[in-house]
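Both counts, for ligands and for their atoms, begin at 1 and track the order of listing.
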Amino acid sequence: EGPITIQTVDDVRKEPYPIHSSFEWVLLDLESEHDLDQLHELLYDHYVEDHDAVFRFAYSKDFFNWALKPPGWKKEWHLGVRVKETGKLVAFIGGVPGDLTIRNNDIKSVEINFLCVHKQLRSKRLAPLLIKEITRRVNLHNIWQALYTSGTVLPKPLSTCRYGHRPLNWTKLYECGFSSLPMGETKASMVAKTTISNQTKTSGWRKMEEKDVEDVYKLYDAWKSRYEITQIMTIEDIKHWIYGGDNQDGKVIHAYIVEDENNKITDFISYYVLPFSVLENPKHKELGIAYLYYYASEAGIGKSPNDAESQELLKKRLKSLVNDAMVEAKNQKIDVFNALSSQDNTLFLDDLKFGAGDGFLHYYLFNYKAAHISGGIDSKTNEFLDNNKVSSVGVVML
Ligand SMILES: Cc1c(C(=O)c2nccn2C)oc2cccc(OCCCNCc3cccnc3)c12
């Protein structure tokens, strides 16, 4: 296992790759409201849709401030393409620092996300050009690996996870055409089955505060060894990614902690809010969606996923934590709580009534040869793993 090609910065082309004469490369300045508006508008109208084109991701400007400006972020990695004549932004690709540990090897890496080409400029080979150009700009910083995900299968996924959906507002999901009425069920019986309490029940549960950053960092750092691939996080990274950084406006990332009777933090859990635009629907314009993000619990620290007894304890713990995260999400008007089969999620997906979605998320690690990592699904049936078996993917991509 290891890098496929080894190069030095001297080998890297110094000038940008050539681009069609009517376009020009541009570096977005995400500290300028104007550029943030342009990025938001491009993705709002042209980013990924579900395969029936009923929903489109509706990233907010607050989301981009969180997702694209973590500690160590670089302007050169917010790469756009503009029409020379009009200045219109017609394509984008983003990269942020994201060092990884893969099977105990620490590698400098970036996370590539938000690749978007205007609908009218598809199949003009712009996407491969954006990938080549951002690779060049990352290489100039002596970084040679990149992690990215895709809903489509490309050569050799490192891992594949399956979508899980937990309805919090079943009626709205039904009216948007996302949830259907199973045979022998009525709308009333589905609403009854998916109703969750509006009170959290984990003792010691509370919202994460800035003073908790160091304790959450220690929990996360000790928890990572459960997985074969994880994101290396400094204390500043934890403050940004989990607490939400200085401009904590509480609209994107939500984190909670559990304090025991000696005021010791024993667990944390987080989710991010990323709505879908609902296209062509007479009644609904948006779907409120929360995505399970990072979590850690003392119940799983220093324990192997193969230890049946501690897995049972962890399962109980995680069910309580995720249940309460969903209670918080429901109180923030979230309609569906999404989670992948990654991390230790298969311990609770079925019991907490997550439905297995028909979507899969494939993980790719650029310029690194590595054996396949379990994504928490059975390779033959694609069902979520059972018998307390869990994935070995510890990285959550936005
Ligand atoms: C996307 C997504 C969806 C949906 O599409 C969806 N939920 C409710 C209705 N719909 C149509 O459901 C999920 C469950 C777990 C993790 C997920 O995503 C994990 C992170 C996604 N990364 C962004 C991305 C971009 C393009 C393609 N795939 C993923 C998702």
Side-chain angles (χ1 to χ4, degrees), residues 42-44 46-60 63-64 66-68 92-96 98 111-117 127 131 147-154 157 159-170 172-180 194 231 241 252-253 270-281 284-295 322 325-326 329 334-343 345-346 348-349 352-364 375-377 382 384 391 393-398:
L42 172 70
L43 270 79
Y44 197 83
H46 303 279
Y47 198 51
V48 176
E49 297 167 4
D50 70 307
H51 111 106
D52 303 324
V54 173
F55 304 105
R56 186 185 303 136
F57 282 101
Y59 289 96
S60 65
F63 197 101
F64 291 129
W66 177 63
L68 289 168
F92 178 81
I93 189 166
V96 293
E111 287 186 1
I112 298 296
N113 205 340
F114 308 114
L115 167 60
C116 180
V117 172
I131 293 169
L147 184 70
Y148 55 100
T149 59
S150 172
T152 54
V153 185
L154 307 161
S159 187
T160 295
C161 298
R162 186 170 181 179
Y163 288 177
H165 313 286
R166 208 300 181 183
L168 298 182
N169 178 350
W170 188 87
K172 184 170 174 186
L173 292 173
Y174 177 73
E175 291 169 349
C176 290
F178 175 69
S179 295
S180 51
T194 54
Q231 184 177 346
W241 288 119
V252 179
I253 178 76
S270 56
Y271 60 83
Y272 62 87
V273 172
L274 167 57
F276 265 118
S277 300
V278 183
L279 312 171
E280 322 286 323
N281 185 289
H284 302 291
K285 287 283 158 276
E286 268 203 356
L287 204 52
I289 307 195
Y291 292 79
L292 182 60
Y293 195 47
Y294 287 111
Y295 57 81
V322 176
M326 293 199 287
I334 295 297
D335 300 313
V336 56
F337 197 93
N338 281 345
L340 287 164
S341 56
S342 57
Q343 300 157 287
N345 299 351
T346 50
F348 57 77
L349 289 172
L352 293 187
K353 300 183 182 170
F354 283 75
D358 52 20
F360 292 86
L361 193 64
H362 308 283
Y363 284 72
Y364 301 95
I377 51 179
N382 276 335
F384 295 142
S391 91
V393 173
V395 189
V396 185
M397 290 282 284
L398 303 178

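- Applying the side-chain hydrogen bond (donor to acceptor under 3.5 Å, both in side chains) rule to Ser180 yields no partners; only residues at least two apart in sequence or on another chain are considered.
- In this structure, atom 22 (N) of ligand 1 lies nearest to the protein heavy atom Leu398 O, 3.2 Å.
- For ligand 1, the atoms sitting less than 4.0 Å from at least one non-hydrogen atom of Phe55 are 11 (C), numbered in the order shown with element in parentheses.
- The six-membered or imidazole ring of Tyr59 lies near that of Phe114, with a centre-to-centre distance under 6.0 Å.
- Among Tyr163, Phe360, Tyr272, Phe178, the residue whose heavy atom sits closest to atom 8 (C) of ligand 1 is Phe178.
- Between the side chain of Arg56 and the backbone N or O of Tyr44 there is at least one donor-acceptor pair closer than 3.5 Å.
- Under the ring pair (Phe, Tyr, Trp, His ring centres under 6.0 Å) criterion, Phe276 pairs with Phe55, Phe57, sequence neighbours left out.
- In this comparison of Tyr293, Phe354, Phe276, Tyr59, the heavy atom closest to atom 6 (C) of ligand 1 sits on Phe276.
- Classification of the Tyr174-Trp170 ring pair by plane angle, with boundaries at 30° and 60°, yields parallel.
- Looking at atom 7 (N) of ligand 1, its nearest protein heavy atom turns out to be Asn338 ND2, 3.1 Å.
- Those atoms of ligand 1 with a heavy atom of Ala339 less than 4.0 angstrom away are 15 (C).
- Near Ile289, meaning under 4.0 Å from any of its heavy atoms, are these atoms of ligand 1: 8 (C).
- Looking at Asp335, its side chain does come within 3.5 Å of a backbone N or O of Gly288 through a donor-acceptor pair.
- Distance from atom 25 (C) of ligand 1 to its nearest protein heavy atom, with residue and atom name: Phe57 CE1, 3.8 Å.
- Listed by number with element, the atoms of ligand 1 under 4.0 angstrom from any heavy atom of Leu340 are 15 (C), 16 (C).
- For atom 12 (O) of ligand 1, the nearest non-hydrogen atom of the protein is His165 CE1, 2.9 Å.
- Under the 4.5 Å side-chain criterion, counting only non-hydrogen atoms from C-beta, Thr194 is in contact with Arg166.
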